[in-house]
*Asks:* 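There's a structure below that I have some questions on.
Hydrogens, waters and symmetry mates are skipped; everything else that's a heavy atom, side chains included, is used.
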Amino acid sequence: MNEQIIILFFLIVFLGSTLFLYIWKAKKEIEYKKDERWQMIQIKANKVASYSNNILVIILAVVAMASVHYGIQITFALNRVLMFGIFFIGFYNVIELCALLFLDKRM
C-alpha cells in the first residue's frame, strides 16, 4: 500500500510539473516574442536536462555489467518498466523546468 502511495505522489508531482513547464514555456514565448535570449535559455536548459539521459545510460550500463559479471538474473514486469519510463520523462521535465526558471532569472 505504501508503495502505491509513493508512486501516486511522484506521478502527481511529475504531471503537475510537466503541465506547468509547457504552460510556462508558452507564456514566456509570447512574452519574449521568441527573441535570441529566450532561444539561448531554452538551448541551455535542454542541454542541462539532456545530461539526465547520459546518467541513465551510465546507470543501465553499470547494472548490465554487474549482472553479467556476477551472474545475477534481473526480471522486471512490463508495468514496472513502463512506470520507470514515465518517471524518467517526468524527472527530465522537472530538470528542464528548474533549469529554465534558474536561467531566466540569471540571464
*Asks:* Of all the heavy-atom pairs spanning Ala49 and Tyr92, show the shortest one and how long it is.
*Replies:*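 Shortest heavy-atom separation between Ala49 and Tyr92 comes out as O-CE1, 3.1 Å.
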*Asks:* Distance from Ile41 atom CD1 to Lys44 atom NZ, nearest 0.5 Å?
*Replies:*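 Ile41 CD1 to Lys44 NZ: 8.5 Å, rounded to 0.5 Å.
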*Asks:* Linking I/L/V/M/F/W/Y whenever their side-chain heavy atoms sit closer than 4.5 Å, directly or via other members, would Ile95 and Leu11 fall into one cluster?
*Replies:*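 Yes, it is one cluster - the side chains of Ile95 and Leu11 are joined through contacts under 4.5 Å.
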*Asks:* Within this structure, what is the CG-NZ distance for the pair Asp35 and Lys28, rounded to the nearest 0.5 Å?
*Replies:*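 If we round to the nearest 0.5 Å, Asp35:CG and Lys28:NZ are 11.0 Å apart.
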*Asks:* Could you state the interatomic distance from OH (Tyr51) to CG (Asn54), rounded to the nearest 0.5 Å?
*Replies:*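 Between atom OH of Tyr51 and atom CG of Asn54 there are 8.0 Å.
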*Asks:* Same hydrophobic cluster for Tyr22 and Ile30, using side-chain heavy-atom links shorter than 4.5 Å among ILVMFWY?
*Replies:*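 No, no single cluster joins them.
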*Asks:* Tell me whether the rings of Trp24 and Phe20 are parallel (<30°), tilted (30 to 60°) or perpendicular (>60°).
*Replies:*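 Rings of Trp24 and Phe20: parallel, under 30°.
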*Asks:* Look at atom CZ of Phe102 and say whether more than 12 heavy atoms of other residues, nucleotides or ligands are closer to it than 6.0 Å.
*Replies:*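 Not more than 12 within 6.0 Å, no.
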*Asks:* Give, for atom OH of Tyr70 and atom CE of Met65, the distance between the pair rounded to the nearest 0.5 Å.
*Replies:*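 CE of Met65 is found 11.0 Å from OH of Tyr70.
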*Asks:* Val48 and Leu97: same hydrophobic cluster, using ILVMFWY side-chain contacts below 4.5 Å?
*Replies:*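 No, because Val48 and Leu97 fall into different hydrophobic clusters, even though each may have its own neighbours under 4.5 Å.
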*Asks:* Just verifying a value: how many Å separate Trp38 CH2 and Lys25 NZ, rounded to the nearest 0.5 Å?
*Replies:*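 One finds 7.5 Å between CH2 of Trp38 and NZ of Lys25.
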*Asks:* So how far is it from Leu101 CG to Glu96 CD, rounded to the nearest 0.5 Å?
*Replies:*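 If I round to the nearest 0.5 Å, the distance is 10.5 Å.
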*Asks:* Is there side-chain contact between Leu82 and Leu78, with at least one heavy-atom pair below 4.5 Å?
*Replies:*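 Counting from C-beta outward, Leu82 and Leu78 do come under 4.5 Å.
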*Asks:* Val63, Leu60: one ILVMFWY side-chain cluster at the under-4.5 Å cut-off?
*Replies:*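 Unlinked, Val63 and Leu60 end up in two clusters.
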*Asks:* Check whether Phe87 and Leu8 end up in the same hydrophobic cluster, where Ile, Leu, Val, Met, Phe, Trp and Tyr are linked by side-chain heavy atoms less than 4.5 Å apart.
*Replies:*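 Phe87 and Leu8: separate clusters.
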*Asks:* Is the closest side-chain heavy-atom distance between Val94 and Phe14 below 4.5 Å?
*Replies:*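 Contact flag for Val94/Phe14 side chains = yes.
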*Asks:* So which atom in Gln42 and which in Glu29 form the shortest heavy-atom distance, rounded to 0.1 Å?
*Replies:*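 For Gln42 and Glu29, the tightest heavy-atom pair comes out as NE2-OE2, 3.4 Å.
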*Asks:* Please indicate whether Glu31 has more than 12 foreign heavy atoms, meaning atoms of other residues, nucleotides or ligands, lying under 6.0 Å from its CD.
*Replies:*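 Yes, the 6.0 Å shell around CD holds more than 12 heavy atoms from other groups.
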*Asks:* If we only count heavy atoms from C-beta on, is the Asp104 to Tyr32 side-chain gap below 4.5 Å?
*Replies:*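 With C-beta onward as the side chain, the pair touches.
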*Asks:* Check Ala45 against Leu103 and note the closest heavy-atom contact, atom names and distance.
*Replies:*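 What the structure gives for the nearest pair is N-CD1, 3.7 Å.
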